[in-house]
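Report on one structure; see the data block that follows.
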Amino acid sequence: MNDAADTAAAATATATATATDAEAGAGGPAVVVVRPGEGERLTLGTTHMRVLEDGSHTAHRLGLTESVLAPHTPGPPQHRHARHDEGFYVLSGTVRFTVGAQDHDAGAGTFVLVPAGAPHTFANISGRPAVMLSMFTPDLYVQYFRDLRDTIADGRPLTPDANLRTMSRYATRPADRPVS
């Protein structure tokens, strides 16, 4: 995707939220509806992500993304979050979650919750695409994905060091280092 498409998608999501604000009535909470094809789109190497909630409608309590991992997509370096929990729900395919030294192959319908401080990573080791929802409480990590996209703009490669530098701005450290 390009910046113009990302901006258009974000505007569509905002327009949808605005329309539902009016429908909610005076003083009522806004209901957000993100339909297929809507939402901000981010491309991170072989992973295509759609931001369903960036925290702007939840007072930053929750962020939610949908990710399509291409076949044989390696995950990020194993890491720990200090300030947010992360949940994953596999919609299709199989995603391998590694928590410490233990692997968990999660097929469609599997939910994985990673509390703050737990070492983890994930990857699609299969020859088929995998789709998953990722939830962040609070929403802190949605901006990480935007920053990561900017890090690899202009064709720059996503190196483990570049990834870890970006993670560090969001209270996230490599698994072999304590979180602060």
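Under the 4.5 Å side-chain heavy-atom criterion for Ile, Leu, Val, Met, Phe, Trp and Tyr, M132 and F111 are members of distinct hydrophobic clusters. Residue L64 is not grouped with residue V90 when hydrophobic side chains (ILVMFWY) are merged at heavy-atom distances under 4.5 angstrom, including chains of intermediate members. Tracing side-chain contacts under 4.5 Å through hydrophobic residues (I, L, V, M, F, W, Y), one never reaches V112 starting from Y89; they form parts of separate clusters. Under a hydrophobic clustering in which Ile, Leu, Val, Met, Phe, Trp and Tyr are joined whenever their side-chain heavy atoms come within less than 4.5 Å, directly or via other members, M167 and V142 fall into the same cluster.
Under the side chain to side chain contact (heavy atoms under 4.5 Å, CB included) rule, F88 has a single partner from V114, T110, L133, which is V114.
For E86, the side chain to side chain donor-acceptor pair (under 3.5 Å) partners are H81, H120, not counting sequence neighbours. For T65, the side chain to side chain donor-acceptor pair (under 3.5 Å) criterion is met by no residue, not counting sequence neighbours.
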Practice item. Check the pair T137, H84 against side-chain contact (heavy atoms from CB on, under 4.5 Å), reporting the backbone distance first and the verdict last. Key: CA-CA 5 Å; T137 59; H84 73 274; 5.8 Å; no
**Study point:** Working for side-chain contact (heavy atoms from CB on, under 4.5 Å), residues F122 and R96
**Key:** CA-CA 5 Å; F122 60 86; R96 173 165 288 168; over 6 Å; no
Practice item. Test R173 against S168 for side-chain contact (heavy atoms from CB on, under 4.5 Å), laying out the working first. Key: CA-CA 6 Å; R173 300 283 182 258; S168 71; 3.1 Å; yes
Practice item. Please lay out, stage by stage, how V34 and V32 fare under the test side-chain contact (heavy atoms from CB on, under 4.5 Å). Key: CA-CA 7 Å; V34 182; V32 177; 3.9 Å; yes
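Here the shortest heavy-atom pairing between A130 and V95 reads CB-CG2, 3.8 Å. Here the shortest heavy-atom pairing between G117 and R80 reads O-NH1, 2.9 Å. Closest approach of P129 to P71, counting heavy atoms only: N-CG, 3.8 Å. G75 and A123 make their closest contact through N-CB, 3.6 Å (heavy atoms, listed as atom of the first residue, atom of the second, distance). For the residue pair N163 and P76, the shortest heavy atom distance occurs at ND2-CB, 3.7 Å. Pairing each heavy atom of G55 with each of E53, the nearest pair is N-OE2, 2.7 Å.
Taking the six-membered ring where tryptophan is involved, the planes of Y141 and F136 are tilted, since the angle between them lies from 30° to 60°.
For the pair E38 and R50, the salt-bridge criterion is not met [side-chain N within less than 4.0 Å of a carboxylate O]. Salt-bridge formation is not detected for the pair R61/D139: no Lys NZ or Arg NE/NH1/NH2 atom is positioned less than 4.0 Å from an Asp or Glu carboxylate oxygen.
Taking the six-membered ring for Trp and the full ring otherwise, the centers of H104 and F97 sit at least 6.0 Å from each other.
T151 contributes atom OG1, which lies 8.5 Å from atom OH of Y144 (distance to the nearest 0.5 angstrom). Distance CE/M135 to CG/L62: 8.5 Å, rounded to 0.5 Å. Considering CG of D54 and NE2 of H60, their distance stands at 7.5 Å, rounded to 0.5 Å. To the nearest 0.5 Å, atom OG of residue S92 and atom CZ of residue R128 are 8.0 Å apart. In this structure, CE on M49 lies 12.0 Å from CZ on R41, to the nearest 0.5 angstrom. The NE2 atom of H72 sits 9.0 Å away from the CD1 atom of I125 when rounded to the nearest 0.5 Å.
Side-chain contact check for T98 and D103: at least one donor-acceptor pair (N or O, by modelled atom type) lies under 3.5 Å.
Using a 4.5 Å heavy-atom threshold, the side chains of R149 and L44 count as touching. Between P77 and L164 there is a side-chain heavy-atom pair separated by less than 4.5 Å.
In this structure, the side chain of T47 does not engage the main chain of T43 through any donor-acceptor pair within 3.5 Å. R169 places no side-chain N or O within 3.5 Å of a backbone atom of D147 that could act as its donor or acceptor partner. The backbone N or O of V99 lies less than 3.5 Å from no partner atom in the side chain of Q78, so there is not a single donor-acceptor pair. Judged by distance alone, with hydrogens and angles left aside, the side-chain atoms of N124 form no donor-acceptor pair with the main-chain N or O of T73 at under 3.5 Å.
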